[in-house]
Amino acid sequence: IQYPPEEYEIFIALSYSKLNAVRKEKYLAAKLLGYRFASFVSSSATVMNEFFRTFDEHPFHQYLGLKLIEAEADFVRLRLQKTATTPTGIGGSVNGGVLATMIDMAGVAAVFTKLVEGAQPAGTADLNVTYLRQAQGQWLDAEARVIKRGRQLCTIDVRVINDEQVLCAIGRVLYAL
């Protein structure tokens, strides 16, 4: 192999056509070869403010092992890398409170991708979490998408998937502006 997985991380650019199916296929093929995946934040993201520049350095995010992986208009992907200090629940799965925190933080971050200049964020107004199965794996991603931006509230849907692309939890965040 010209670029051995022991020495290189991989980034795979995709078009919008059949995005989820192609993403899964390419991800599984690269994982099978032993590649680690490089983080990417889109240069076309609407807002790259202090929130995003310092996200990974925030002490609470570091404690949880939470990192910003991808951000673009109305969409964010956060990753929680499971470590020996990650709070766990049944069967060594990631603790439900940690999953709720991931859902909340991903929702907030998705709102901040298109925060209007001078807007005064007011915080999470409502958080709903449905746990579908134990969250097992080396890492978990929280994918958040703003589905409605109102004058005073944003509605965000969040999916938590593990390193095998298994859906572990879903959430809905209402964020007040």
Quick one: does [X]'s side chain get under 4.5 Å of [Y]'s, heavy atoms only?
| X | Y | result |
| --- | --- | --- |
| M102 | V158 | no |
| V108 | Y175 | yes |
| V111 | R149 | yes |
| L140 | K82 | no |
| F112 | C154 | no |
| M105 | L66 | yes |

Tabulate below the donor-acceptor pairs under 3.5 Å that side-chain atoms of residues 92-101 make, not counting sequence neighbours, or state none.
{"residue": "S93", "atom": "OG", "partner": "I90", "partner atom": "O", "Å": "2.8"}
{"residue": "N95", "atom": "OD1", "partner": "G97", "partner atom": "N", "Å": "2.6"}
{"residue": "N95", "atom": "OD1", "partner": "V98", "partner atom": "N", "Å": "3.4"}
{"residue": "T101", "atom": "OG1", "partner": "G97", "partner atom": "O", "Å": "2.9"}

Roughly how far, to the nearest 0.5 Å, is [atom2] of [Y] from [atom1] of [X]?
| X | Y | atom1 | atom2 | value |
| --- | --- | --- | --- | --- |
| R145 | I156 | CZ | CD1 | 12.5 Å |
| D157 | N128 | CG | CG | 10.0 Å |
| E70 | L68 | CD | CG | 9.0 Å |

Check: [Y] main-chain N/O paired with [X] side-chain donor or acceptor under 3.5 Å:
| X | Y | result |
| --- | --- | --- |
| E164 | Q136 | no |
| Y27 | D163 | yes |
| D141 | R77 | no |

Notebook entry, point to check: Y8 vs Y3 aromatic rings, parallel, tilted or perpendicular, using cut-offs 30° and 60°?
Noted result: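 Y8 and Y3: perpendicular rings.
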